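Lettering follows sequence order; numbering is per chain, from 1. A quick note: this is a predicted structure, and the numbers were derived from the prediction, not measured.
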Number of protein chains: 2
Amino acid sequence: MPSAPAAGAAVVRDGAAVVHRGADASGKMDTMPSTDSLVPRTGERAHDVVLAHIETELREGRLSVGDRLPGERALAEQFGISRASVRDAIRTLEVMGVVRSATGSGPKSGTVVVSDPTSALGQALRLHVASRHLPVADIVQARIMMETWCLSRAAGSTWEPAAIDEARALLDAMDDPSLPSKAFTALDAQFHVALSALAGNSVVSTMMESLRESTRGYVDEAVATLGNWDEIAADLRLQHRAIFEAVEAHDGERAARLVREHIEWFYAQTL
Amino acid sequence: MPSAPAAGAAVVRDGAAVVHRGADASGKMDTMPSTDSLVPRTGERAHDVVLAHIETELREGRLSVGDRLPGERALAEQFGISRASVRDAIRTLEVMGVVRSATGSGPKSGTVVVSDPTSALGQALRLHVASRHLPVADIVQARIMMETWCLSRAAGSTWEPAAIDEARALLDAMDDPSLPSKAFTALDAQFHVALSALAGNSVVSTMMESLRESTRGYVDEAVATLGNWDEIAADLRLQHRAIFEAVEAHDGERAARLVREHIEWFYAQTL
DNA sequence: TGGCCACATGTGGTCGGACCATAGTAGGCA
DNA sequence: TGCCTACTATGGTCCGACCACATGTGGCCA
């Protein structure tokens, strides 16, 4: 009877008594009391155990970006659960942009801790846009709110030379007239992000980038069907230059106004 | 003995030719670029097929909130992949807040399409806060940006009576002096969200709620260690009333200023 | 000796089959 | 008629195996 509630692994969850397999028989007795889990929080959904453990490790600094997690087989044995459940937990972390998995061997392989909230949030937002739950118009409005805020703040502060140079380099790269539209929009997105990053708020930068990411498909599709892309690109270049100069001149009010007009104008073109 | 298909061998399963991985190196794309989902697209990861299919269904409106997905076994058969890979894809969607899975039978069971970006984004943000990648100070700043924007906009527009009544009801509920601090902060969060929702931007509302969600543990922990919680709660009640009245009086500027001071003041208390 | 190639190793990815817990539902029995 | 028990379909977990990939390592040959 593997369903015997060994180790007192009975827990009340959502009003229902959930009795779970108690790490069964495989010689896990050495780690039975484990770190802290005797009765308090055991009995969780198997993969939640791994999830909670990794979050704790992260919070207490024992795991940080660049570190490699033990292999899936090792984790499974460590927690007395199956590899499938470990994979479940790791998949969760991967979707959230906390880890990245790669096959093969060597230092670049395996599951390593990264910090890529942007693509994670962006992908999630994209799906919710797909399900008609988040209108594109609201995303555009949110972008305007964030970018005007960022640029106002950026203009009022001093920046690292490298940061402003990055934006300038992107500006120059976009001047190439032979650039495919898709490459242009990619640089465009990077430019907006680089400029907004001058405000020095990583959360806002992350969210802005995620919003942009979530609508990238929409933008590229719209651009591809535009007949007068060359003219529009020319306008965009001028607008970008004007915005950049306003920020560089520490004129926050003008920068905010210009970027607002810039985004609203471009969005109107794609309707 | 489970049929051990040799590398590159074609296995016939359920009437559909399934080419196992490893055939990518040889001829691949030349095989019927059919859009039919019965033909696996080699070179794509197994679970990505399901993911892409569901996103398409979502985008084209064939799937919407409340619909039930086919069972995991059915999907596995439909795509000619294993149930484990189907589960991988569904787990991804679940983490993103696109579906919700429940065991059992009946209409409420199985995998159902929902739209819960808030908890998904909130959980992801929380993990990145845990990994020291997103400072709490930046989150507070982002909240201030969003809430001041929301309240300015909310004050300048007309709202559904039900929406403003909800905020008022939360305000009244927080007046209960016997409320545990944790219950108070929960109502507090709901109040901020309800008020900000008056601005009518679902994306900003979602992000605001996610930010609050991601710092809930931090806030509750800080509140629990405060010695003078009763005094602070009294101050919070007054501030909430003032903010609410400013919005109700359509004084956007005052509402924005008050909510900024409110958040900054509370954050300062928890340091 | 030096460079190259084949194999050993360890990783995540996939597979298929099995069993369990859960929650509705249909059917049997009183 | 009403209650209770099987039945069924669902996701959750487990196991053991194999595959594709990337790297390291050793031996072989020039």
Side-chain angles (χ1 to χ4, degrees), chain A residues 1-5 9-11 13-26 43-50 68-77 79-91 93-94 99-112, chain B residues 1-9 11 13-14 18-26 40 42-50 68-77 79-94 99-112:
Chain A
M1 271 305 201
S3 65
V11 107
R13 184 191 195 82
D14 298 335
V18 176
V19 184
H20 216 265
R21 74 193 68 259
D24 54 44
S26 55
E44 289 171 341
R45 279 286 187 278
H47 61 261
D48 285 340
V49 179
V50 185
R68 288 186 58 194
L69 264 60
E72 297 180 351
R73 294 163 181 86
L75 283 173
E77 189 180 356
F79 290 103
I81 61 180
S82 75
R83 193 181 153 213
S85 296
V86 170
R87 282 183 59 76
D88 233 5
I90 289 184
R91 158 72 65 220
L93 294 171
E94 197 171 359
V99 303
R100 185 221 62 195
S101 292
T103 63
S105 126
K108 286 186 306 187
S109 75
T111 304
V112 326
Chain B
M1 268 304 142
S3 65
V11 189
R13 190 186 312 151
D14 304 329
V18 176
V19 182
H20 205 50
R21 210 143 312 287
D24 337 9
S26 54
T42 59
E44 276 191 345
R45 285 177 189 74
H47 61 261
D48 285 339
V49 180
V50 185
R68 287 185 58 195
L69 264 62
E72 298 180 351
R73 294 164 180 87
L75 284 174
E77 190 180 352
F79 291 103
I81 60 179
S82 74
R83 195 182 151 212
S85 296
V86 171
R87 282 184 59 77
D88 232 5
I90 289 185
R91 156 70 73 227
T92 299
L93 293 172
E94 199 172 356
V99 302
R100 181 220 67 193
S101 292
T103 62
S105 136
K108 287 185 304 188
S109 75
T111 305
V112 181

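Close to D/dT13, at under 4.0 Å from its OP1 or OP2, lies a side-chain N or O of A/H47. Contact between the side-chain N/O atoms of A/T111 and the OP1/OP2 oxygens of C/dT11 is not found at any separation under 4.0 Å.
Summarising the geometry, the separation between CZ on B/R45 and P on D/dC21 is reported as 10 Å, rounded to the nearest angstrom. For A/I81 and D/dC15, the CD1 to P distance is 10 Å, given to the nearest whole Å. Rounded to an integer number of Å, the gap from A/E72 CD to D/dC14 C1' is 15 Å. Atom C1' of nucleotide D/dG11 and atom CD of B/E94 are separated by 10 Å, given to the nearest angstrom. Atom CD in B/E77 sits about 15 Å away from atom C1' in C/dC15, given to the nearest Å. Nucleotide D/dC14 holds its P atom 10 Å from the CG atom of A/D88, rounded to whole Å. Taking atom CZ of A/R91 as the reference point, atom P of D/dG12 lies 15 Å away to the nearest angstrom. With rounding to whole Å, B/L75 atom CG is found 13 Å from C/dC15 atom P.
Nearest nucleotide to the side chain of A/R87, out of D/dG11, C/dC15, C/dG13: C/dG13. With D/dC14, D/dG11, C/dT14 as the candidates, the nucleotide lying closest to the side chain of B/A46 is C/dT14. Which of D/dG11, C/dT14, D/dC14 sits closest to the side chain of B/S85 comes down to C/dT14. Comparing D/dC18, D/dG11, D/dC14 against the side chain of A/R73 picks out D/dC18 as the nearest. Listed nucleotides: C/dT11, C/dC15, C/dG13. Nearest to the side chain of B/A84: C/dC15.
A 4.5 Å side-chain heavy-atom check between A/V50 and A/I81 finds at least one atom pair inside the cut-off.
Here A/R83 pairs with A/E72 under the side chain to side chain donor-acceptor pair (under 3.5 Å) rule; sequence neighbours left out. Legend: residues meeting side chain to side chain donor-acceptor pair (under 3.5 Å) with A/S101, ordered by chain and number and at least two apart, are A/T111.
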With 3.5 Å as the limit, what N/O pairs link the protein to nucleotides 22-25 of chain D?
| from | atom 1 | to | atom 2 | distance (Å) |
| --- | --- | --- | --- | --- |
| D/dA22 | N3 | A/S105 | N | 3.4 |
| D/dT23 | OP1 | A/K108 | NZ | 3.4 |
| D/dT23 | O4' | A/S105 | O | 3.4 |

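Pairing each heavy atom of A/S109 with each of A/R68, the nearest pair is O-NE, 3.4 Å.
For B/R100 and D/dG11, a side-chain-to-base donor-acceptor distance below 3.5 Å is absent, hydrogens and geometry of angles not being considered. Side-chain to base pairing of B/R83 with D/dG12: one donor and one acceptor N or O lie within less than 3.5 Å of each other.
Although no hydrogens or angles enter the test, the distance criterion places a donor-acceptor pair under 3.5 Å between the side chain of A/H47 and the main chain of A/R45.
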